[in-house]
Amino acid sequence: MMNNNHPFHMVNQSPWPLTSAFGAMIIMLGMIKWFHQHNQNLLLMGLMITMLTMIQWWRDIIREGTYQGMHTKLVTSGLRWGMILFIISEIFFFISFFWAFFHSSLTPTIDIGSIWPPKGILPFNPLQIPLLNTTILLSSGVTITWSHHSLMENNYNQTLQGLFFTVTMGIYFTMLQMYEYFQSPFTIADSIYGSSFFMATGFHGLHVIIGTMFLITCMLRHISLHFSSNHHFGFEAAAWYWHFVDVIWLFLYISIYWWGM
C-alpha cells in the first residue's frame, strides 16, 4: 500500500471465483444425481471442491487484511456495506419462505382439505425441542455480544470464552435440529406443510452451520492474534451474521412452530 497513491485495494488475479463456481455447479449436479439415482459421490466431490476453495480464498483474504495492510479504513467501510447488503438479501430470501407459509396457512386450498395443518400432519410440539433451540440461539446471541465487547476492551480471555460458548451452542443447535428431523412424523413430500417447513427450517439450519464455521474461523484467528480493538471486521461480520440467524429463528419459531401448529 505504500507504493499506491490511493487507499483502495486492487485485487490480484485469483482462481478461487472460478473454482467456487465450478464447485457450486458440481453440487447442483450431485444433488440431482442423489435425488434420482441415490448416489452421493458427485455431491460429496462438489462439497469438497467448495470447502477447499473456501479455505484457500479465506486464507488469501486474511493475508491481505492482516499481514499486507490492504484493508484500509475505506476498504473496511466498503466491506461493511457489502456485508450489510448481503444480510439484507438473505432477509428477503427468507421472506419468500414466510410468504409461502402464510399464503398457504391463511387460505388453505381444497387440495389440502381447507384446513391448516393439513389432515394427517402432526406438527411438532413448540414447547419441546423448538423451545430448547430458541433458548440456545438466544443465549448464543448473548455470548457473541459478550465476546465482541470483550474484544473491543482488549480482553483476550473473555473474547475467546465467548466465542467458544457461541460455537458450542451453534453445534448443539445443529445436533438438536438433526435429531428433530429424524424424529419428524412428516417429510418434505407431505403437502405444502412439509415443503414449507423443511425448506424454511432447513435453509436456516444451513445458515447456522455456515455461521458456526464463520465463528470457528474467527476463534482460530483470535488465537493467532489477528484481531485488535480497532481492527476486527472479520469478527464483526461474523457477529452480525449470527445475530441475523438468531432473529430469523425467532420468526420461524413464532410463525411455523407456535402459530402454525
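- The side-chain heavy atoms of Lys33 and Leu29, taken from C-beta on, include no pair separated by under 4.5 Å.
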Side chain to side chain contact (heavy atoms under 4.5 Å, CB included) evaluation trace for Arg63 with Met70: CA-CA 9 Å; Arg63 285 175 177 172; Met70 299 294 187; over 6 Å; no
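- In this structure, Ser184 contributes its side chain and Glu180 its backbone to no donor-acceptor pair below 3.5 Å.
- Here the OG1-CD1 distance, from Thr168 to Ile136, works out to 11.0 Å after rounding to the nearest 0.5 Å.
- Aromatic ring pairs are classed by plane angle as parallel below 30°, tilted from 30° to 60° and perpendicular above 60°; the pair His207 and Tyr241 is parallel.
- The number of heavy-atom neighbours closer than 6.0 Å to CZ of Phe164, taken from other residues, nucleotides and ligands shown, is 12 or below.
- The environment of Tyr253 atom OH is dense: over 12 non-hydrogen atoms of other residues, nucleotides or ligands sit within 6.0 angstrom.
- A heavy-atom distance below 4.5 Å is not found between the side chains of Tyr193 and Ile112.
- Checked by atom type and distance alone, the side chain of Ser147 never pairs as donor or acceptor with a backbone atom of Gly162 at under 3.5 Å.
- No hydrogens or angles considered: a donor-acceptor pair under 3.5 Å links the side chains of Thr53 and Thr19.
- Distance alone, capped at 3.5 Å, is enough to place a donor-acceptor pair between the Ser195 side chain and the Ile188 backbone.
- Trp34 places none of its side-chain heavy atoms less than 4.5 Å from the side chain of Asn39.
- Between Trp58 and Phe214, the ring-plane angle classifies as parallel under the 30° and 60° cut-offs.
- Rounding to the nearest 0.5 Å places NE2 of His231 at 11.5 Å from CD of Glu236.
- For the atom pair CD1 (Ile62) and OG1 (Thr217), the distance works out to 7.0 Å, reported to the nearest 0.5 Å.
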Full working for side chain to side chain contact (heavy atoms under 4.5 Å, CB included) between Ile49 and Ile27: CA-CA 9 Å; Ile49 293 172; Ile27 288 175; over 6 Å; no
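- Across every non-hydrogen atom of Thr135 and Ser139, the tightest pair is O-OG, 2.7 Å.
- Note: Ile121 CD1 to Ser191 OG = 4.5 Å, rounded to the nearest 0.5 Å.
- Side-chain contact check for Arg221 versus Thr66: some heavy-atom pair is nearer than 4.5 Å.
- Within the model, atoms CD of Gln183 and CD of Gln128 stand 11.0 Å from one another, a figure rounded to the nearest 0.5 Å.
- Hydrophobic clustering (side-chain heavy atoms under 4.5 Å, transitive across Ile, Leu, Val, Met, Phe, Trp, Tyr) keeps Ile55 apart from Ile210.
- A heavy-atom distance below 4.5 Å is not found between the side chains of Thr212 and Leu215.
- For Phe251, the CZ atom is loosely surrounded, since the number of other residues' heavy atoms within 6.0 Å does not exceed 12.
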Trp240 and Arg80: CA distance, side-chain angles, deciding distance, side chain to side chain contact (heavy atoms under 4.5 Å, CB included) verdict: CA-CA 10 Å; Trp240 291 353; Arg80 280 194 172 88; 3.9 Å; yes
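- Residue Met25 qualifies as enclosed at atom CE: its count of foreign heavy atoms under 6.0 Å is above 12.
- The minimum heavy-atom distance between Gln177 and Gly205, with the atom names listed, is OE1-CA, 3.3 Å.
- With contacts defined as side-chain heavy-atom distances shorter than 4.5 Å, the pair Phe173/Val245 does not qualify.
- No continuous path of hydrophobic side-chain contacts links Phe182 to Leu176 [ILVMFWY only; heavy atoms under 4.5 Å].
- What you find for Ser14 and Pro17 is that their closest heavy atoms are O-CD, 3.5 Å.
- Counting only distance, with no hydrogens or angles, the side chain of Ser224 and the backbone of His226 share no donor-acceptor pair below 3.5 Å.
- Taking the six-membered ring wherever Trp is involved, the centroid distance between the rings of Phe101 and Phe197 does not fall below 6.0 Å.
- The hydrophobic clustering, which links ILVMFWY residues whose side-chain heavy atoms are closer than 4.5 Å, places Met54 and Met83 apart.
- Using a 4.5 Å heavy-atom cutoff, the side chains of Phe22 and Thr50 are not in contact.
- Using a 4.5 Å heavy-atom cutoff, the side chains of Phe35 and Ile32 are not in contact.
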Full working for side chain to side chain contact (heavy atoms under 4.5 Å, CB included) between Phe102 and Ser255: CA-CA 8 Å; Phe102 283 111; Ser255 59; 3.4 Å; yes
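- Side-chain heavy atoms closer than 4.5 Å link hydrophobic residues (I, L, V, M, F, W, Y) into clusters, and following such links, possibly through other members, connects Ile254 to Phe244.
- When all heavy atoms are compared, the tightest approach of Ala200 to Ile256 is CB-CD1, 3.7 Å.
- Asp60 contributes no side-chain N or O that, together with a main-chain N or O of Trp57, makes up a donor-acceptor pair within less than 3.5 Å.
- Thr143 places a side-chain N or O within 3.5 Å of a backbone atom of Ser140 that can act as its donor or acceptor partner.
- Minimum interatomic distance between Val208 and Trp242 (heavy atoms only, all atoms of both residues): O-CZ3, 3.6 Å.
- Crowding of His103 atom NE2: a count of heavy atoms from other residues, nucleotides or ligands under 6.0 Å not exceeding 12.
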Steps toward side-chain hydrogen bond (donor to acceptor under 3.5 Å, both in side chains) verdict (Trp116, Ser104): CA-CA 8 Å; Trp116 190 266; Ser104 302; over 6 Å; no
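- Note: Phe124 and Tyr257 have tilted aromatic rings, judged against thresholds of 30 and 60 degrees for the angle between ring planes.
- Among residue pairs with one or both ends in residues 129-156, those qualifying as ring-ring contact (aromatic ring centres under 6.0 Å, His included) are His148-His232, His148-Phe235, Tyr156-His222; sequence neighbours excluded.
- The cluster map of Ile, Leu, Val, Met, Phe, Trp and Tyr, joined by side-chain heavy atoms under 4.5 Å apart, puts Leu42 and Met28 in the same cluster.
- Counting heavy atoms of neighbouring residues, nucleotides and ligands inside a 6.0 Å radius, atom CZ of Phe94 exceeds 12 of them.
- Considering every non-hydrogen atom in both Asn155 and Thr159, the closest pair reads O-OG1, 2.7 Å.
- To the nearest 0.5 Å, atoms OG1 (Thr201) and CD1 (Ile248) are separated by 13.0 Å.
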